[in-house]
Amino acid sequence: MNRYDLHTHSTASDGTFSPSALVRRARERGVEVMGLTDHDCTDGIAEAETESAKIGLTLIPGVEISATWEQGQLIHIVGLRIDRTDPVLQAGLLRLYELRNWRAEEMGQRFANHGILGTLEGARALAKGAIVSRVHFARFLVANGHSRDINDAFDRFLVKGKPGFVDEEWATLRECIDWIHSAGGQAVLAHPLRYSLPPDRLRRLVEHFRDAGGEGIEVTPGSSAEGQTSAHYACEFNLVASIGSDFHGHASSNLNVGLHGELPKTVRPIWETW
Ligand code: AMP
Ligand code: MN
Ligand code: MN
Ligand code: MN
């Protein structure tokens with residue numbers, strides 16, 4: 001097991017483990033340094049830090065910010081080692097929180113027009129006061145027999161062109177990176193190979209990200225084809241490499257916090273800059 005897992009989610013966004021339960025699980029699985037990177041919010045960090053101190057895990061305060069790049073392409077940017085009290089960062093996250101609230105209402109309206117009632121209230125109840133994610137809508141749709149499972153809910157209702165999808169404009173790459181830098185953190189391009197971009201466009205994304213001030217890129221450890229390809233971008237654009245499971249809890253496709261394998265020797269791990 002790798003000592004580092006720098007990309008995880010808790011109930012502060014769309015994960016199913018509370019921050020303390022997540023930290024305990026990570027420690028049990030051999031993680032020594034864990035980044036908590038909830039979507040567009042830092043609300044879970046205080047609890048995670050308290051629990052981490054008790055069990056001897058190093059907690060890296062983080063965030064995963066939603067960005068829109070070029071023609072409506074959703075991109076995620078992870079901020080690591082952020083000062084969560086930074087007013088510039090928090091003003092940016094507040095803007096995205098308000099956008100999420102607006103989007104949730106719009107989604108509820110669209111589902112109602114489509115004949116499925118109560119989705120906004122259902123999603124809000126499942127979010128329990130945390131930011132409302134498409135995942136909460138998906139869980140409601142599954143619980144109420146509209147979808148077989150979370151994937152089915154996304155495929156049929158929650159992606160571009162489907163009845164519950166709202167095409168919102170998140171922050172720009174530069175805004176996200178500036179907020180993270182204002183908070184003293186490092187900006188990392190999350191899961192570059194999951195955007196399904198053709199190679200030339202992905203290369204341009206990495207270049208734009210670097211030009212906007214980003215310093216890192218996620219590289220999958222081990223010898224998978226995915227890891228090799230991201231490693232290549234890290235080398236070409238002189239970005240440090242970060243790793244993370246993107247664990248969301250039991251109900252997600254990433255079933256475990258913690259990662260097997262090492263980074264390729266060609267890249268510089270982000271923690272060497274710490
Ligand atoms: P949001 O940030 O509210 O737009 O929701 C995006 C989140 O939905 C991502 O962070 C993933 O956790 C989750 N997600 C996206 N696509 C899928 C999918 N096909 N199946 C399950 N979860 C998904
Ligand atoms: Mn998520
Ligand atoms: Mn992501
Ligand atoms: Mn994530």
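None of these values were measured; they are calculated from a predicted model. Order of appearance sets the numbers: ligands from 1, and atoms from 1 within every ligand.
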> Just wondering, more than 12 heavy atoms not from Arg95 lying within 6.0 Å of its CZ?
yes

> Restricting to N, O or S atoms of Asp14, which is nearest to the Mn ion (ligand 2)?
OD2

> What class does the angle between the rings of Tyr233 and Phe237 fall in, given that below 30° is parallel, 30 to 60° is tilted and above 60° is perpendicular?
parallel

> Among Thr8, Val23, Leu22, which residue satisfies the side chain to side chain contact (heavy atoms under 4.5 Å, CB included) criterion with Phe17?
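Per the side chain to side chain contact (heavy atoms under 4.5 Å, CB included) rule, the option paired with Phe17 is Leu22, out of Thr8, Val23, Leu22.
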
> Inside 2.8 Å of the Mn ion (ligand 4) but strictly below it, how many protein N/O/S atoms are present?
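Number of qualifying protein atoms: 4.
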
> Would you please name every residue forming a side chain to side chain donor-acceptor pair (under 3.5 Å) with Asp86, sequence neighbours left out?
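Per chain and number, Asp86 pairs via side chain to side chain donor-acceptor pair (under 3.5 Å) with Ser182.
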
> Considering residues, nucleotides and ligands other than Tyr97, do more than 12 of their heavy atoms fall under 6.0 Å from its OH?
no

> Tell me whether Arg194 is salt-bridged to Glu218, with the criterion being a basic N under 4.0 Å from an acidic carboxylate O.
no

